[in-house]
Amino acid sequence: MREREAQGLRRQRRSTATPGLPLQHVHLVPDEPAQALLNFSSNDYLGLANHPTLVAALAEGAGVHGVGSGASHLVSGHGAAHDALEAALVDWLGGAIPEARCLSFGSGYMANQALLTALGDEASTVLFTDKLNHASLIDGAQLARAQVQRYPHNRVDRLTALLAESTAPLKLIVTDAVFSMDGDLAPLPELLALAEAHDAWLILDDAHGLGVLGAHGEGSLAHFGLKSERLILMGTLGKAMGTSGAFVLAHRTVIEWLTQTARPYIFTTASSPALAHATVASIALVRSAEGVALRERLHARIAQFRQGMAQRLAQHPACGWQLMDSATAIQPVLIGDNHRTAALGQALMARGLWVGAIRPPTVPVGTARLRITLSAAHSEAQVAQLLAALGALMNDARVEGAV
Ligand SMILES: *Cc1c(COP(=O)(O)O)cnc(C)c1O
């Protein structure tokens, strides 16, 4: 623990006292009074986590279906609410994959464990994974005991070479669709073309694209207009969708195989049917005209932030910060040093702004960053407030050489 402290790696858990973006009351220190902070560190990209429609749907779902499922899916925990959720997901997203079916999970972490362990075995499978993939994909690959070939971030040329050399009977390309700590997109059309050319499957984790990208929030596949039998889509429900849980959408044979063999699916209690019911309401909302308006609002905030940051960084070139190349709700500012990043997080907090100070092992050593996440729940004035605070801290960094 002392070592971690010295390296600037100690993490603090904070407790929110009020729900919902943008302004939250937060206990920064346990048992001390809560402080009001503008939250720029949540993945609630559309501001749905505390939306009245979802709050009502959860209560209604509890009334109709009950709170707990009581057992795992294959014993007796699977019910009408889970069926409705899986059907709603196929109806919404199934166009991208012929003969698609869907399987719901309690969390994205578990869905990735399930996918990679069920499809990857020591004898026949090679997993080709992007080096910046989410921890749940990295852990899933380890648990699978399959051979793993990592390629540098988004380097299609390197992946091409690895695939060309491989004689494995089962090849799985595994990638975040939107990278969780960088905000950039994987080159999905190129990756899919490679999968076709090398008889491989493409596993996509669209945790940060779902709800945010695509005309009706369908995510990264719709953003690129892709459709293929070789696609296996994992999406999470705890980010833009505002509830919690996850799903895998794939050809019906893949889904049947997961149902039969994926231990993280089989040996866990089915998630709350009330929550599944609320998520069906969330899907309807995200697909509706209100969802379209929320996405427009979010993308206006993203443009405002990027333009404001670029302007301020041009005025303070000596501060050494770098706005990363992202068109999504995840807008990281690369700082580099762990202590400096943590200090900036503190300085923003002192100004009433809650921004994630992301350090290793979440990101590679030397690339600590402020991970700013924007939401449709933020107003233009609130984003302006964040920009002003960052501008002031840039100025300090230039004067002092460090924060
Ligand atoms: C958040 C996240 C997950 C995990 O999903 P949970 O539902 O939070 O467990 C998986 N993959 C990516 C890319 C994520 O950002």
Side-chain angles (χ1 to χ4, degrees), residues 11 13 41-46 48-49 54 82 85-86 89 102-117 119 127 129-144 150 153-154 172-186 188 191 202-213 219-221 223 231-250 258 262 264-265 268-272 275-276 278-279 282-283 286 324 326 328-332 356 358 361-364 369 371-375:
R11 299 168 77 155
R13 195 172 71 169
S41 58
S42 167
N43 303 315
D44 184 12
Y45 302 128
L46 298 179
L48 298 186
L54 268 57
H82 302 105
L85 171 59
E86 292 173 358
L89 286 164
C102 180
L103 200 63
S104 66
F105 289 84
S107 80
Y109 190 94
M110 269 181 23
N112 280 337
Q113 307 299 298
L115 248 183
L116 298 188
T117 55
L119 295 179
L127 304 172
T129 71
D130 189 292
K131 278 195 174 158
L132 294 190
N133 276 348
H134 189 263
S136 56
L137 289 171
I138 295 170
D139 295 357
Q142 270 186 356
L143 195 61
R150 295 168 81 208
H153 180 48
N154 279 350
L172 305 171
I173 304 168
V174 183
T175 185
D176 281 24
V178 174
F179 285 84
S180 58
M181 295 301 136
D182 297 67
D184 58 339
L185 282 154
L188 297 184
L191 295 183
L202 179 56
I203 297 181
L204 294 181
D205 176 338
D206 206 18
H208 300 279
L210 193 74
V212 171
L213 299 174
S220 302
L221 289 175
H223 174 80
L231 290 167
I232 298 173
L233 174 68
M234 195 288 289
T236 65
L237 304 168
K239 287 163 181 156
M241 303 308 292
T243 61
S244 93
F247 64 89
V248 173
L249 188 100
L258 291 180
Y265 180 75
T268 191
T269 300
S271 62
S272 159
L275 202 58
T279 305
S282 169
I283 293 167
V286 167
M324 294 177 70
S326 160
T328 66
I330 302 164
Q331 292 292 328
I358 309 290
T362 311
V363 293
R369 65 199 65 177
R371 179 178 182 266
I372 292 146
T373 47
L374 298 169
S375 168

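In each ligand, atom 1 is the first atom listed, and ligand 1 is the first ligand listed.
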Show me a pair-per-line table, with atom names and distances to 0.1 Å, of protein N or O atoms that are under 3.5 Å from an N or O of ligand 1.
residue	atom	partner	partner atom	Å
ligand 1	7 (O)	Gly108	N	2.7
ligand 1	9 (O)	Gly108	N	3.1
ligand 1	9 (O)	Tyr109	N	2.9
ligand 1	11 (N)	His134	ND1	3.4
ligand 1	11 (N)	Asp205	OD1	3.4
ligand 1	11 (N)	Asp205	OD2	2.5
ligand 1	15 (O)	His208	NE2	2.5
ligand 1	15 (O)	Lys239	NZ	2.7

Requested in this report: Check Arg369, Lys131, Arg371 against Asp182 for a salt bridge (Lys or Arg N to Asp or Glu O under 4.0 Å) and give me the one that passes.
Outcome: Arg369
Query raised in the report: Taking only residues two or more places apart in sequence or in another chain, which ones pass ring pair (Phe, Tyr, Trp, His ring centres under 6.0 Å) with His134?
Result: none
Query raised in the report: Have Ser220 and Asp206 got a donor and an acceptor in their side chains that come within less than 3.5 Å?
Result: yes
Report summary line: Those residues at least two apart in sequence (or on a different chain) that pass ring pair (Phe, Tyr, Trp, His ring centres under 6.0 Å) with Phe179 are His153
Query raised in the report: By side-chain contact (heavy atoms from CB on, under 4.5 Å), which residues pair with Ala207, not counting sequence neighbours?
Result: Asp205, Thr236, Lys239
Report summary line: dist Leu143:CG -> Ile138:CD1 (nearest 0.5 Å) comes out at 13.5 Å
